[in-house]
Amino acid sequence: AAQVEIVVALNKIDKDNANPDMVKKQLAELDLLPEDWGGQTIVVPTVGNQGTGIKELLEAVLLQAEIMELKANPNKPGNGIVVEARLDKGMGPIATVIAQSGTLKVGDYVVAGTSSGRIKSIKSTHGKNIDSITPGRAGEILGLDSVPVAGDKFNCVASESDAKKLAKYIETAYNISAWRNY
């Protein structure tokens, strides 16, 4: 429905009851015909907890990005998507985000759905403090005034007042308060 390319990680192939052909048949029924069956869908067998196939999966994603000529400008304000978010009692709202375009930096003003704030710190996916997140990279950000929702888009804006105004506009325009209280 989203008209996007799909790369399938066929996980847990090490299990006794694993049936990759059945999964490929189910994919084909959804019009995702695997490459090895003459289709266009890349299917990579993996065993996540052992790391089997992970290198091949990453190579497949990179190949697909190259074929699609995906490029992002890192020299503009960051934007992307919230992957997950939570409230930490000691640190406050924490959002794991992926930058899709531009660079997100510590000190930037951000709007993520109805949440807004100034980025106080960013942690890499390995838990180390970093200064920025460039396109295609993920990180945890701290500094939002509330917990955003997974799937919310985030955007850098010029000022704290712009961030608050935009977050309020999003909440009002989409009647999000009423929806969350439903």
Side-chain angles (χ1 to χ4, degrees), residues 1-9 11 42 46 48 54 57-182:
Q3 297 299 308
V4 296
E5 296 299 322
I6 296 176
V7 175
V8 176
N11 199 22
I42 299 170
T46 63
I54 302 302
L57 178 62
L58 292 172
E59 287 172 356
V61 170
L62 288 173
L63 175 64
Q64 193 64 45
E66 191 174 309
I67 290 168
M68 295 173 64
E69 297 182 7
L70 297 179
K71 295 179 175 85
N73 181 357
N75 300 319
K76 67 177 199 171
N79 66 65
I81 193 153
V82 175
V83 178
E84 64 181 5
R86 67 184 190 284
L87 182 61
D88 182 279
K89 289 186 181 192
M91 295 188 283
I94 298 173
T96 301
V97 300
I98 295 178
Q100 294 175 314
S101 182
T103 299
L104 179 65
K105 301 180 290 283
V106 171
D108 283 349
Y109 296 100
V110 173
V111 176
T114 59
S115 303
S116 66
R118 185 173 187 189
I119 304 302
K120 295 177 185 174
S121 72
I122 303 174
K123 291 192 181 215
S124 72
T125 54
H126 301 294
K128 297 185 188 246
N129 286 327
I130 56 175
D131 296 327
S132 62
I133 304 173
T134 54
R137 303 284 183 203
E140 286 188 343
I141 60 172
L142 281 76
L144 297 172
D145 60 3
S146 61
V147 179
V149 176
D152 281 349
K153 294 182 189 280
F154 79 81
N155 288 286
C156 290
V157 294
S159 68
E160 185 174 14
S161 65
D162 286 351
K164 289 185 183 298
K165 285 178 194 173
L166 182 55
K168 187 64 175 169
Y169 171 79
I170 291 168
E171 182 174 358
T172 304
Y174 295 99
N175 201 13
I176 290 177
S177 296
W179 180 81
R180 286 188 178 153
N181 292 331
Y182 178 67

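Each residue takes its place number in the sequence, starting with 1.
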Enter the distance from Ser116:OG to Asn155:CG here, rounded to the nearest 0.5 Å. 12.5 Å
Under the 3.5 angstrom rule, does the side chain of Thr46 hit a backbone N or O of Gly48 as a donor-acceptor pair? no
Side chains of Lys153 and Asn79: does their closest heavy-atom pair fall under 4.5 Å? no
The criterion is side-chain hydrogen bond (donor to acceptor under 3.5 Å, both in side chains); which residues satisfy it with Lys165, sequence neighbours excluded? none
Write out all pairs satisfying salt bridge (charged side-chain N to carboxylate O under 4.0 Å, His left out) with one or both partners inside residues 116-138, taking only residues at least two apart or from two chains. none
Within the 4.5 Å heavy-atom criterion, are Ile133 and Ile122 side-chain neighbours or not? yes
Does Phe154 reach the side chain of Leu104, with side-chain heavy atoms less than 4.5 Å apart? yes
In residues 80-100, what donor-acceptor pairs under 3.5 Å come from side-chain atoms, sequence neighbours left out?
from  : atom 1 : to     : atom 2 : distance (Å)
Arg86 : NH1    : Glu140 : OE2    : 3.3
Asp88 : OD1    : Gly90  : N      : 2.8
Asp88 : OD1    : Met91  : N      : 2.9

Verify, without hydrogens or angle tests, whether Asp108 (side chain) and Val110 (backbone) share a donor-acceptor contact under 3.5 angstrom. no
So Leu166 and Val157, do their side chains get closer than 4.5 Å, heavy atoms only? yes
Output the distance between atom CD1 (Ile170) and atom OG1 (Thr114), rounded to the nearest 0.5 Å. 7.5 Å
Those residues that, when tested against Leu70, pass side chain to side chain contact (heavy atoms under 4.5 Å, CB included) (two or more places apart): Ala65, Met68
Can you name the closest pair of heavy atoms from Leu144 and Gly117 and give their distance? CD2-N, 4.0 Å
Closest non-hydrogen contact found for Pro77 with Cys156 is CB-CB, 3.8 Å
For Ser115 and Pro148, which heavy atoms make the closest approach, and how far apart are they? OG-N, 3.4 Å
Distance-minimising heavy-atom pair for Val106 and Ser121: CG2-CA, 4.1 Å
On a heavy-atom basis, the closest approach of Ala9 and Leu57 is CB-CD2, 3.8 Å
Ile42 versus Ala60, closest heavy-atom pair with distance: CG2-CB, 3.7 Å
Once side-chain hydrogen bond (donor to acceptor under 3.5 Å, both in side chains) is applied, do any residues pair with Thr125, and if so which ones, sequence neighbours excluded? none
Those residues at least two apart in sequence (or on a different chain) that pass side chain to side chain contact (heavy atoms under 4.5 Å, CB included) with Ser132 are Thr103, Lys105
